[in-house]
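Presented below is the structure to which this report refers.
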Amino acid sequence: MAASGSSSNRTMESRTGRTKQRYNSKGERLVAGVVPLSEDKNYVMLIQSKRRPGWILPKGGWEIDEECMAAAEREAWEEAGILVQIDYDLGDIKESRPPKKNAKDSKRSLYRFYECTVTREEVDWPERDKRDRNWFTYAEAKEAMKDRPELQEALGRSTMKR
C-alpha cells in the first residue's frame with residue numbers, strides 16, 4: 001500500500017484550467033479519481049457541486065507534473081477535504097455518457113480509479129465553498145450515480161460491502 005496523506009503536499013488552493021492536462025494518443029482526457037471508503041467499508045463518500053446537483057466520486061484531471069495516484073489523492077483533498085490511504089488500483093474505465101451537446105470540449109475521458117480508505121476528514125478544504133460531501137451506503141451511492149455509469153462501474157469494482 002502506498003503512503004499518502006502527507007500534510008506537506010496539501011494546499012488550500014485547487015488547481016484550475018487544463019493547460020497541464022494529460023491526453024492519450026486517442027485524444028481522451030485522462031482523469032484520476034477515488035472510491036473513498038470508510039474503514040469498515042460500509043460507506044462511500046460522494047461529493048456534489050453546490051451549483052448543479054448530482055452526487056459523484058471525487059475525480060479530476062491527471063496533470064503532466066504528477067503521477068496518476070498522486071492526482072487521485074489531490075482530487076480527494078481538493079474536492080472532498082479528505083486524506084486517504086490508497087488500497088487498490090481499480091483500473092481504467094471509459095466514459096460511456098453521450099457527448100455533451102454544443103460542448104466546446106467534446107473529447108471523451110478515460111478514468112483511472114483507486115479504492116482508498118478515508119483516514120481523515122478536514123473541516124476546511126480548498127473547495128469547501130463549492131461542494132458538499134456525504135457518506136452513502138452502496139445501494140444509496142449506486143442510485144445517486146444512476147446517470148453516471150462510469151462512476152457506478154468504479155464503485156462496483158471496489159470491495160465495498162454490498
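Below, all heavy atoms of this structure are taken into account, side chains as well, without hydrogens, waters or symmetry copies. Quick note: residue numbers are just sequence positions, from 1.
Distance check: S96 OG to R108 CZ gives 7.5 Å after rounding to the nearest 0.5 Å. With rounding to the nearest 0.5 angstrom, the CG atom of L30 is 8.5 Å from the CG atom of D92. Rounding to the nearest 0.5 Å places CE of M45 at 9.5 Å from OG of S38. Atom CD in E153 sits 14.0 Å away from atom CZ in R148 (nearest 0.5 Å). The CH2 atom of W135 sits 7.5 Å away from the CG atom of L37 when rounded to the nearest 0.5 Å. Taken from CD1 in I93 to OG in S109, the straight-line distance is 12.5 Å, to the nearest 0.5 Å.
Of the residues T117, T159, D87, the one that meets the side-chain hydrogen bond (donor to acceptor under 3.5 Å, both in side chains) test with K41 is T159. The only option from L155, N134, L57 that meets the side-chain contact (heavy atoms from CB on, under 4.5 Å) definition with L46 turns out to be L57. F113 pairs in a side-chain contact (heavy atoms from CB on, under 4.5 Å) with only one of the listed residues (V31, V34, L90), which is L90.
The closest donor-acceptor contact from the side chain of R133 to the backbone of A80 lies under 3.5 Å. A donor-acceptor contact shorter than 3.5 Å links the side chain of Q48 to the backbone of G54.
Comment: E28 engages K94 in a salt bridge, judged by a side-chain N to carboxylate O separation of less than 4.0 angstrom. Ion pairing of E78 with K130 is absent here, as no side-chain N (NZ or NE/NH1/NH2) approaches a carboxylate O to less than 4.0 Å. A salt bridge between D89 and R112 is present, with a side-chain N of the basic residue lying under 4.0 Å from a carboxylate O of the acidic one.
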message: Let's go through E75 and K59 carefully: what are the C-alpha distance in whole Å and the side-chain angles of both, what is the deciding distance for side-chain contact (heavy atoms from CB on, under 4.5 Å) to 0.1 Å, and is it a yes or a no?
response: CA-CA 6 Å; E75 291 295 339; K59 61 172 184 46; 5.6 Å; no
- prompt: Do V44 and Y138 pass the side-chain contact (heavy atoms from CB on, under 4.5 Å) test, and can you show the C-alpha distance, the side-chain angles, and the key distance before you say yes or no?
  reply: CA-CA 7 Å; V44 62; Y138 182 85; over 6 Å; no
message: side-chain contact (heavy atoms from CB on, under 4.5 Å), that's the test. Do C116 and Q85 meet it? Break it down for me.
response: CA-CA 5 Å; C116 61; Q85 173 66 50; 5.8 Å; no
- prompt: Should D132 and W55 be marked as a side-chain contact (heavy atoms from CB on, under 4.5 Å) after you check the CA-CA gap, both sets of side-chain angles, and the distance that decides it?
  reply: CA-CA 9 Å; D132 294 317; W55 292 99; 4.0 Å; yes
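Nearest heavy atoms, P58 versus I47: CA-CD1, 3.8 Å. Taking every heavy atom of both residues into account, K142 and Q152 meet most closely at O-NE2, 2.7 Å. For A32 against A71, the heavy-atom pair with the smallest separation is CB-CB, 3.8 Å. Pairing each heavy atom of E66 with each of R22, the nearest pair is O-NH2, 2.8 Å. For the pair F136 and A144, the tightest heavy-atom approach, listed with the atom from each and the gap, is CE2-CB, 4.2 Å.
Applying the 6.0 Å contact sphere to CD of E67 captures no more than 12 heavy atoms from other residues, nucleotides or ligands. In the displayed structure, R162 atom CZ is contacted under 6.0 Å by more than 12 heavy atoms of other residues, nucleotides or ligands.
Partners of D124 under the salt bridge (Lys or Arg N to Asp or Glu O under 4.0 Å) rule, at least two apart in sequence or in another chain, are R128. Residues passing the ring pair (Phe, Tyr, Trp, His ring centres under 6.0 Å) test with Y114, sequence neighbours excluded: none.
Side-chain heavy atoms closer than 4.5 Å link hydrophobic residues (I, L, V, M, F, W, Y) into clusters, and following such links, even through other members, never connects M145 to Y43. Clustering ILVMFWY residues whenever any of their side-chain heavy atoms sit less than 4.5 angstrom apart, transitively, puts V35 in the very cluster that holds I56.
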